[in-house]
Amino acid sequence: MRFRFSRIREGLEGPERIFMSVDASQSVLPEKCRILSGSALKMIAMITMLLDHIGSILLSRYSPALQTLFVMGETNISVYRIFRDVGRMAFPLFGFLLVEGFLHTHNRFKYGRNLFLFALLSEIPWNYWHNETLLYGKSQNVYFTLLLGYLAFCALDYFRDKGLLQLACILALLWISVQLGADYGWKGYVFLLILYVLREDRLSQSVIGSCWLYYEWKAFVAFIWIHMYNGERGFIRGKGTKYLFYAFYPVHIVLLVILRKIIFG
């Protein structure tokens, strides 16, 4: 397995760190099939998330979309079910991109700060989606799940030679995830840890990650896209485009909630 190393010193914002980018040759697919850049994975993640949320916010209230199209085993397949099942791919893709972002960012503090700020910005849209109120304490949006995973990555890296401190941080963040009730819950937090710990072994990452998400088994399809990743950044570049990617989550929820209000009252 080949790795490329670059050393970056961040002055007062953090200790000297070694960034390790895993070679795309980890994929079980032949090189000619590794055609997706990081930007392409982001687009797939956003599209599948949008379909999932269309199903949850709109189609769940539209009776024709709930009618059975056909039966697969003991499961009634409807338009609503198809949208939700396709959407199961989104979280594993965002989790993989989070690991890639952690490994490649030049400023881990700013990366974490952005996750925290957009977690706060997304709370009101999330609350109106789930309870149609300004405040809703039972659950939090997925940015909090991603943030907790990101903080766990930071702890594992910073305390790489101090196993007890690593364990203490991981368990503390696990407790926070349970208390917050963030989207995908503590299982989503652990899934992010699986992606990070097994980042150097794509096959094990895919198998164990898929097994962990047994309760959302359709999510395993996301690992096919991940194995098509070629390690390149792609067409999403620059601060403006980057923040559009961050903003897509709260903005599309706002638009769908408004549309739900217009259509269903």
Side-chain angles (χ1 to χ4, degrees), residues 1-10 14-42 44-45 89-108 111-112 115 145-171 173-174 177 184 186-214 219-234:
M1 189 177 295
R2 295 169 295 168
F3 303 100
R4 57 184 184 272
F5 297 88
S6 61
R7 189 177 292 273
I8 298 174
R9 185 181 298 275
E10 293 207 5
E16 187 181 73
R17 304 197 305 273
I18 295 176
F19 284 90
M20 179 172 64
S21 178
V22 182
D23 195 282
S25 62
Q26 287 187 65
S27 174
V28 299
L29 298 177
E31 186 175 357
K32 64 181 180 180
C33 295
R34 300 197 292 269
I35 59 174
L36 298 179
S37 65
S39 298
L41 287 181
K42 287 180 181 180
I44 294 171
M89 289 187 284
F91 183 67
L93 289 172
F94 281 116
F96 177 79
L97 291 167
L98 181 71
V99 174
E100 285 290 292
F102 173 80
L103 295 174
H104 290 87
T105 183
H106 294 291
N107 193 318
R108 290 183 179 177
Y111 198 105
L115 288 172
T145 308
L146 297 176
L147 174 62
L148 292 173
Y150 182 81
L151 293 175
F153 303 165
C154 292
L156 288 172
D157 182 69
Y158 190 81
F159 299 115
R160 64 175 69 90
D161 298 320
K162 300 176 181 178
L164 288 178
L165 285 175
Q166 286 181 325
L167 180 61
C169 291
I170 294 305
L171 292 178
L173 291 167
L174 176 63
S177 73
Y184 291 93
W186 67 269
K187 292 180 180 179
Y189 166 76
V190 173
F191 175 73
L192 295 177
L193 287 177
I194 291 171
L195 293 181
Y196 178 74
V197 172
L198 298 176
R199 64 192 181 281
E200 298 174 26
D201 187 345
R202 191 70 54 78
L203 181 58
S204 296
Q205 183 190 64
S206 302
V207 172
I208 296 175
S210 296
C211 291
W212 182 258
L213 293 178
Y214 70 93
F220 86 92
V221 179
F223 287 103
I224 297 175
W225 300 116
I226 289 171
H227 278 271
M228 296 174 69
Y229 176 53
N230 58 20
E232 298 178 4
R233 183 175 181 178

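Starting from 1, each residue takes its place in the sequence as its number.
Closest approach of A219 and L213 over heavy atoms only: CB-CD1, 3.9 Å. Closest of all the heavy-atom pairs between A90 and A45 is CB-O, 3.8 Å. I35 and K32 make their closest contact through CG2-O, 3.4 Å (heavy atoms, listed as atom of the first residue, atom of the second, distance). Across all their heavy atoms, G112 and L147 have their closest contact at O-CD1, 3.7 Å. L193 and A152 make their closest contact through CD2-CB, 3.5 Å (heavy atoms, listed as atom of the first residue, atom of the second, distance). Heavy-atom minimum distance, T145 versus L192: O-CD1, 3.4 Å.
How far CG of D157 is from CG of L103: 9.0 Å, rounded to the nearest 0.5 Å. A distance of 9.5 Å separates CD of Q205 from OG of S210, quoted to the nearest 0.5 Å. To the nearest 0.5 Å, atoms NZ (K162) and CG (L156) are separated by 14.0 Å. The line from OH of Y229 to CZ of F96 is 5.5 Å long, rounded to the nearest 0.5 Å. Expressed to the nearest 0.5 Å, how far OH of Y189 lies from CG of L146 amounts to 13.0 Å. Rounded to the nearest 0.5 angstrom, Y214 OH and K187 NZ are separated by 4.0 Å.
Applying the side-chain hydrogen bond (donor to acceptor under 3.5 Å, both in side chains) rule to S37 yields no partners; only residues at least two apart in sequence or on another chain are considered. Remark: L203 engages V28, D201, V207 in a side-chain contact (heavy atoms from CB on, under 4.5 Å) (not counting sequence neighbours). Legend: residues meeting ring pair (Phe, Tyr, Trp, His ring centres under 6.0 Å) with F191, ordered by chain and number and at least two apart, are F91. By the side-chain contact (heavy atoms from CB on, under 4.5 Å) test, L167 pairs with L171, sequence neighbours left out. Residues that satisfy the side-chain contact (heavy atoms from CB on, under 4.5 Å) test with A222, not counting sequence neighbours, are M89, P92, L93. Partners of V190 by side-chain contact (heavy atoms from CB on, under 4.5 Å), not counting sequence neighbours, listed by chain and number: L174, W186, I194, W212. When the ring pair (Phe, Tyr, Trp, His ring centres under 6.0 Å) test is applied to F153, the partners found at least two apart in sequence or on another chain are F102, Y196.
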### Message
Checking L98 against L195 for the side chain to side chain contact (heavy atoms under 4.5 Å, CB included) test, could you report, in this order, the C-alpha distance in whole Å, the side-chain angles of both residues, the deciding distance, and whether it holds?
### Response
CA-CA 9 Å; L98 181 71; L195 293 181; over 6 Å; no
### Query
What's the verdict on side chain to side chain contact (heavy atoms under 4.5 Å, CB included) for R108 and Y150, showing C-alpha distance, side-chain angles and the deciding distance?
CA-CA 9 Å; R108 290 183 179 177; Y150 182 81; 3.2 Å; yes
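Screening M228, H227, K42 for a side chain to side chain contact (heavy atoms under 4.5 Å, CB included) with L36, the sole residue that qualifies is M228.
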